[in-house]
Peer 1: 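One structure, as C-alpha cells, below. Some questions next.
Numbered from 1 within each chain, the chains take letters A, B, ... in sequence-line order.
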2 protein chains.
Amino acid sequence: MSTLDRAHAVLRVTADLVILTVRKGAMHVLVIERGNEPFHGMLALPGGFLRADETLEEAAGRELAEETGLDGGRLYLEQLRSYSDMERDPRGRVVTVAYLALAPDLPIPTAGTDARAARWEPVEKIMAAGLAFDHGRILADAIERARAKLEYTTLATAFCGDSFTVSELQDVYEAVWGVSLDRRNFNRKVTHAAGFIEPTGQKRQSAAGRPAVLYRRGPAATLSPPMLRATIDRNVD
Amino acid sequence: MSTLDRAHAVLRVTADLVILTVRKGAMHVLVIERGNEPFHGMLALPGGFLRADETLEEAAGRELAEETGLDGGRLYLEQLRSYSDMERDPRGRVVTVAYLALAPDLPIPTAGTDARAARWEPVEKIMAAGLAFDHGRILADAIERARAKLEYTTLATAFCGDSFTVSELQDVYEAVWGVSLDRRNFNRKVTHAAGFIEPTGQKRQSAAGRPAVLYRRGPAATLSPPMLRATIDRNVD
DNA sequence: TCAATAGTGTCTGTGAGACACTATATC
DNA sequence: GATATAGTGTCTCACAGACACTATTGA
C-alpha cells in the first residue's frame with residue numbers, strides 16, 4: 001500500500017455515457033446541460049466519478065438509471081474505450097471510461113435524480129455544435145462503434161421495443177447508417193438470418209395500411225453473414 | 001481542484017499489455033515472471049502504472065518498448081478495454097486499461113530495461129495454467145478480439161514481417177483461429193481482396209520447393225467481404 | 001376505390017467451399 | 001526423377017442487389 005512510487009499518477013476516474021436512440025428517423029443522443037463549471041451551460045454527455053465502492057460497470061449503470069430513469073439492466077450497455085489525454089478536463093487529471101448504451105425511443109428522459117436537464121438531441125446537430133470536454137470525440141467514437149456493430153451483430157433490436165415490426169427495424173438501420181435500404185431485400189435478410197428475430201404471432205395496426213407482423217429479439221447475438229452497410233468498394237483490376 | 005467529493009475513488013491506473021505473436025504454428029503471448037509480491041514468481045502480463053505526465057497510450061507504448069526492446073511505433077497497438085473489479089489487485093484499488101499488441105515473430109524478447117524475465121509462451125498453455133491477478137481473463141478477451149479482427153480487418157499482416165508469403169499469412173490465420181484452411185481458396189481470397197496485400201516483385205526460397213512470391217501490406221484496413229472464420233451455422237427451417 | 005403500408009418472387013452476379021492438376025525449386 | 005512447396009482453374013451453391021406485383025387495412 002505504501003509501495004506508491006511518486007511517479008505514479010493518482011487520479012479520479014469517470015464513467016461517461018453515450019446513450020443513443022432512434023426517433024423520427026434520426027439517431028439521437030442523450031445530453032445534459034451542465035450546471036457547474038467548467039463548461040457551465042454547455043452540453044455534455046452524462047457521467048460521473050467512479051466511487052470507491054463500485055466498479056466501472058456499476059457506475060455506468062448507476063448514471064444510466066439516474067439520467068434516464070430506466071433501470072440499466074434493461075438497456076444494452078457496453079464499454080466503449082478509455083480517454084486519458086492530459087488536458088481533457090480543466091479540473092485536473094481525469095481518466096474517463098466511456099460506455100455505449102442503446103435504447104428504444106423512450107417516452108421522455110426524466111430529468112434524473114440530480115435534476116440536471118437531460119434531453120434527446122439529434123447526433124447530427126450535436127456533432128456540428130460540439131460538446132464540453134472531449135465529449136465530441138467520444139460521441140464520434142460511439143457512433144462509429146454503433147454503426148459497425150449493426151453490421152455483424154443483432155444489436156439493432158436494442159433500439160426497438162420488446163416487440164417491433166420489420167419496418168421499424170429497417171428504420172433503425174437507415175437512421176444509424178444514414179442510408180436507405182431496399183425493403184424487400186431487408187425483409188428477406190432479417191427473416192432468414194437464424195435467431196435474429198422471431199414472430200410473436202401478433203400484428204400491429206398503424207395509422208393506415210395492412211397490419212404488420214410483430215417480432216421479438218431472437219437468441220442470436222451475431223449476424224453471419226453480416227448485414228452489409230453499403231455497396232462494397234469493388235476491386236477494379 | 002478541491003471539489004473532490006469524498007465518495008469519489010482516488011486510485012491508480014495501470015496500462016497492461018497483451019502482446020501476441022505467431023510462432024511455430026501457434027499463438028504465443030509475452031509474459032513476465034513476477035519478481036515482487038503479490039503473486040511473486042507467477043506469470044503475468046507486462047504492464048505498469050500510469051505516470052502523472054503521460055497518457056494511457058504513452059504508458060502502453062513505453063511498457064511495450066521496455067518489455068520487448070522494440071519501439072512501440074512499429075507494432076500494432078490498440079486499446080482493448082478497462083477492468084475495474086474491486087478485488088482484482090490485492091494492493092488496493094487499481095483500474096487497468098488493457099492494450100492489445102500484435103507482433104511478428106521477434107528474434108527473442110530482450111529481458112527489458114527492468115530486467116524482468118520476459119518470454120513467449122503458447123497461449124494455450126498459459127490459458128490452462130493461469131496468470132496472476134485477473135490477467136487470465138484479460139488474455140481471453142484479447143484473444144477473442146484478435147480472432148474477431150482477423151475476420152473483417154487486414155490485421156493478420158501485423159503478425160508478419162515487412163514482407164511475407166501467402167503461406168505465412170495463412171499460417172497466421174490457422175494459428176490464431178485454430179483451424180485449417182484450404183490453400184487454394186485462401187490464396188484466391190487474399191490476392192483478390194482490394195488493398196490487402198501487394199506483391200513486392202521479389203521471391204523467397206525456403207528449404208525446398210518452388211520459391212514463393214513475397215508480398216507487403218496493402219493500404220486497406222478492412223476486409224469486405226470479411227474472411228470467414230468457420231463454416232457458417234446454417235438456418236434449418 | 002383509393003391511399004397507404006405489408007409482404008412475397010425472380011433474375012443475376014459475386015464470391016466462398018470443395019476439389020486436382022501444373023510449376024519450380026532442392027536433393 | 002523424387003520430393004517439397006507454390007500457384008492456378010472449375011464447378012456448385014449461398015446470398016446480396018435490383019426490381020414489380022399482390023395483400024390487407026382504413027378513409
Peer 1: Of the nucleotides dT5(D), dA16(D), dG7(C), which one has an atom closest to the side chain of Pro225(A)?
Peer 2: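 Of the candidates, dA16(D) comes closest.
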
Peer 1: Using heavy atoms to find the nearest nucleotide of DNA chain D for Val166(B) and Gln205(A) separately, return the residue whose nucleotide is more 5′.
Peer 2: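 Looking at DNA chain D, the more 5' nearest nucleotide goes with Val166(B).
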
Peer 1: Using the test side-chain hydrogen bond (donor to acceptor under 3.5 Å, both in side chains), find all partners of Arg183(A) that sit at least two apart in sequence or belong to another chain.
Peer 2: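 Scan of Arg183(A) (side-chain hydrogen bond (donor to acceptor under 3.5 Å, both in side chains), adjacent residues dropped) gives none.
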
Peer 1: Does atom CD of Gln202(A) have more than 12 heavy-atom neighbours from other groups under 6.0 Å away?
Peer 2: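 Open.
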
Peer 1: OP1, OP2 of dA16(C) versus side-chain N and O of Lys189(B): anything below 4.0 Å?
Peer 2: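 Yes, Lys189(B) has a side-chain N/O under 4.0 Å of OP1/OP2 on dA16(C).
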
Peer 1: Got a donor-acceptor pair under 3.5 Å from the side chain of Asn185(B) to the base of dA18(C)?
Peer 2: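 Result: at least one qualifying N/O pair found.
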
Peer 1: Looking only at the aromatic ring of each residue, does the gap between the centers of Tyr215(A) and Phe164(A) stay below 6.0 angstrom?
Peer 2: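 No.
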
Peer 1: Extract all donor-acceptor atom pairs below 3.5 Å that involve side chains of residues 135-144 of chain B and protein atoms in other chains or at least two apart in sequence.
Peer 2:
residue: His135(B); atom: ND1; partner: Leu45(B); partner atom: N; Å: 3.0
residue: His135(B); atom: NE2; partner: Asp16(B); partner atom: OD2; Å: 3.1
residue: Asp141(B); atom: OD2; partner: Tyr83(B); partner atom: OH; Å: 2.6
residue: Glu144(B); atom: OE2; partner: Arg229(B); partner atom: NH2; Å: 3.4

Peer 1: Relative to the 5' end of DNA chain D, which residue comes earlier, Ser206(A) or Tyr215(B), by the nucleotide with the nearest heavy atom?
Peer 2: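 That would be Tyr215(B).
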
Peer 1: Please report the distance, rounded to the nearest Å, between CG in Leu228(A) and C1' in dT14(C).
Peer 2: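 So the CG-C1' distance, Leu228(A) to dT14(C), works out to 11 Å.
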
Peer 1: In whole angstrom, give the distance that lies between atom CG of Leu214(A) and atom C1' of dG7(C).
Peer 2: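 In whole Å, dG7(C) C1' lies 14 Å from Leu214(A) CG.
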
Peer 1: What's the closest nucleotide to the Ala212(B) side chain, out of dA16(C), dA6(D), dG7(C)?
Peer 2: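 Side chain of Ala212(B) sits closest to dA6(D).
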
Peer 1: Answer yes or no: side-chain N or O of Asp182(A) and base N or O of dA16(D) forming a donor-acceptor pair under 3.5 Å.
Peer 2: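 Looking at the base of dA16(D), it does not pair with any donor or acceptor on the side chain of Asp182(A) (distance under 3.5 Å).
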
Peer 1: dG9(C) C1' sits how many Å from Phe186(A) CZ, rounded?
Peer 2: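 Going from CZ in Phe186(A) over to C1' in dG9(C) covers 19 Å.
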
Peer 1: Reading DNA chain C from 5' onward, which residue's closest nucleotide shows up sooner: Arg184(A) or Ala208(A)?
Peer 2: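 Its nearest nucleotide being more 5', the pick is Ala208(A).
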
Peer 1: Rounded to the Å, how far apart are Arg210(A) CZ and dT25(D) P?
Peer 2: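 From Arg210(A) CZ to dT25(D) P: 8 Å.
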
Peer 1: In terms of the nearest nucleotide of DNA chain C, which residue is placed more toward the 5' end: Pro226(B) or Arg183(B)?
Peer 2: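 Mapping each residue to its closest nucleotide by heavy atoms, the 5'-most match is Pro226(B).
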
Peer 1: Could you tell me whether the side chain of Arg188(A) has a donor or acceptor atom within less than 3.5 Å of a complementary atom in the base of dG17(D)?
Peer 2: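 Yes.
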
Peer 1: Hey, which of Leu80(A), Val18(A), Leu20(A) is the one that makes side chain to side chain contact (heavy atoms under 4.5 Å, CB included) with Arg145(A)?
Peer 2: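 Among Leu80(A), Val18(A), Leu20(A), the one that satisfies the side chain to side chain contact (heavy atoms under 4.5 Å, CB included) with Arg145(A) is Leu80(A).
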
Peer 1: Rounded to whole Å, how long is the line connecting atom CE of Met227(A) with atom P of dA14(D)?
Peer 2: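 From Met227(A) CE to dA14(D) P: 20 Å.
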
Peer 1: Rounded to whole angstrom units, what separation is found between the CZ atom of Arg204(B) and the C1' atom of dA4(D)?
Peer 2: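 To the nearest whole Å, that distance equals 17 Å.
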
Peer 1: Specify the separation, in whole Å, of atom CD of Gln170(A) and atom P of dA6(C).
Peer 2: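 About 9 Å, once rounded to whole Å.
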
Peer 1: Heavy atoms only, 4.0 Å cut-off, all strands: where does Ser167(A) land among base, sugar-phosphate and nothing?
Peer 2: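 It contacts sugar-phosphate atoms only.
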
Peer 1: Please report, rounded to the nearest Å, how far the P atom of dG15(C) is from the CG atom of Asn187(B).
Peer 2: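 Distance check: Asn187(B) CG to dG15(C) P gives 16 Å.
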
